[in-house]
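Have a look at the structure below, then the notes.
All chains are named by letter (A, B, ...) in the order of the sequence lines, taking the proteins before the strands, and each is independently numbered beginning at 1. Model, not experiment: these values are computed from the prediction.
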Amino acid sequence: MNINLTLFGQLLSFVVFVWFTMKYVWTPIMGALEKRRSEIADGLSAAERGKHEQVLAEERAKKLLVEAKNQAAEIKSQGQKRASEIIDEAKEDARAEGDRLLKAARAEIEQEVNRAREQLREQVAALAIAGAQKILQREIDAAAHKDVVDSIVKQI
Amino acid sequence: MAADTLTSSEYIKHHLTNLTFGQHPDGSWGIAHNAAEAKAMGFWAIHLDTMFWSIVLGGLFIYFFKKVADAVTAGVPGPLQNFAEWIVEFVDTSVRGSFTAKNDLVAPLALTIFVWIFLMNLMDLVPVDLIPFITGWLGIHFMKVVPSTDPNATFGMAFGVFGLMLYYGIKVKGIGGFTGELTLQPFSSKNPVVQGLFIPINFLLEFVSLIAKPVSLALRLFGNMYAGEMIFILIAIMYSSGVALGLFGGFLQLGWAIFHILIITLQAFIFMTLTIVYMDMAHSEH
């Protein structure tokens with residue numbers, strides 16, 4: 001229990017230990033702790049950012065999906081419209097063609113009728129003349145009585 | 001152990017004597033053979049056991065922490081680094097809590113104090129006779145293995161802290177501010193004559209409180225550890241008094257050792273915390 005030189009020995013070793021701790025121990029360990037702390041903070045903020053971006057991307061995807069759906073519906077309705085237009089056009093064309101064919105047939109028929117009528121008329125005229133010849137029992141000059149014959153033909 | 005041939009008081013005295021190296025009164029240098037010789041060596045002697053154990057333990061401390069510091073990584077820490085980081089964080093939290101100024105010395109100082117004192121106190125848990133018995137075989141008859149039961153060790157540290165307090169006190173506040181703190185408070189007056197009268201009173205009060213800081217620091221640690229060691233020695237005496245008393249002593253020693261774990265940690269913590277507080281006082285202006 002004597003106070004002696006040990007006091008200074010202890011003081012000196014104390015100073016050396018403190019100096020050593022300050023120089024070689026505290027700084028690197030605290031540096032590592034500090035670094036880890038900042039890395040964790042960075043990681044957390046990056047995760048936060050990632051989450052935020054995910055939300056944004058989801059929103060964007062939803063918007064795109066809605067747009068695509070709208071577009072598809074539009075294209076579909078346009079297609080339907082176009083299809084009915086094509087059908088209408090086809091109907092119109094068919095009708096016109098039918099009408100044309102009908103008209104042509106009618107014209108031909110009329111022509112035929114006229115031609116038949118003309119023939120009939122001529123034959124009737126001839127018959128009438130023959131009839132008249134027979135009735136009259138004499139030769140009628142066809143040329144001399146052409147005006148009478150023609151008037152008869154016209155009356156038929 | 002040695003009580004077969006020694007009386008109890010001799011046994012106790014034997015345990016409380018340091019291995020002292022110094023100059024004998026006849027002029028020759030050597031190791032003291034008994035307490036009286038050690039006392040006769042006066043101031044210019046050194047306690048080899050205190051020095052040896054404190055330096056071994058301090059060396060253990062810096063070896064462990066240097067090893068961790070060399071391999072330190074900001075990534076996933078290993079078990080050793082984890083342990084070291086736990087202590088460092090604990091000390092760092094204490095320093096941040098009590099020390100408001102900026103000084104890179106205080107935290108390493110606190111770490112050194114805490115771990116070193118803890119390790120020195122921890123030697124108290126080694127059975128009191130074990131190491132002296134081993135060294136006795138090797139021919140060394142005095143061996144106090146707990147450096148913190150030697151007032152030289154506790155005062156050495158306390159004076160180290162005191163020196164830093166004075167240094168930073170003067171550095172931060174200047175000579176004027178430092179002496180002003182010693183002489184111009186707690187009593188002050190606007191009247192210069194009254195103020196002049198107050199100066200010696202203030203100085204007396206403040207000087208005592210200044211000196212009390214390192215002394216209380218050293219004596220608190222020393223007193224606690226010395227008392228603890230004393231109780232271990234007294235329990236150890238029981239072992240020489242028959243089986244029944246020896247068994248009882250064994251239980252007592254176990255109980256006291258478990259309780260002592262609290263004391264050694266607490267004393268290391270108190271020394272550290274007070275050091276931080278004193279350093280903070282040295283840095284702050286009134």
Look at [X] together with [Y] and state whether they make a salt bridge at an N to O cut-off of under 4.0 Å.
X: A:Arg121; Y: A:Glu118; result: yes
X: B:Glu85; Y: A:Arg36; result: yes
X: A:Asp99; Y: A:Lys103; result: no

What part of [X] is in contact with chain B, defined as an atom under 4.5 angstrom from a non-hydrogen atom: side chain, backbone, both or neither?
X: A:Leu33; answer: side chain
X: A:Tyr24; answer: both
X: A:Val25; answer: both

Shortest non-hydrogen contact from B:Ile87 toward B:Phe114 =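 Answer, listing the atom of B:Ile87 first, then B:Phe114: CG2-CD2, 4.4 Å.
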Closest non-hydrogen atom pair between B:His283 and B:Val172, with its separation =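 Distance-wise, the nearest heavy atoms are O-CG1, 3.4 Å.
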For each of [options], tally heavy-atom pairs with chain A at distances under 4.5 Å, and name the one with the top tally.
options: B:Ala153, B:Gly59, B:Pro147, B:Ala158; answer: B:Ala153
options: B:Gly160, B:Gly22, B:Ala69, B:Ala45; answer: B:Ala45
options: B:Asp92, B:Val115, B:Ile113; answer: B:Asp92
options: B:Ala107, B:Ala74, B:Gly156; answer: B:Ala74

Hey, can you tell me if B:His14 and B:Phe142 have their rings parallel, tilted or perpendicular (30° and 60° cut-offs)?
->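 Ring orientation, 0 to 90° scale: tilted.
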Do other residues, nucleotides or ligands put more than 12 heavy atoms under 6.0 Å from B:Phe83 CZ?
->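 Open.
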Side chain, backbone, both or neither of [X] within contact of chain A (heavy atoms, under 4.5 Å):
X: B:Val161; result: both
X: B:Thr73; result: backbone
X: B:Asp104; result: backbone
X: B:Thr154; result: neither

Check: A:Gln10/B:Ser54 side-chain N/O donor and acceptor closer than 3.5 Å |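 Yes, B:Ser54 and A:Gln10 have a side-chain donor paired with an acceptor closer than 3.5 Å.
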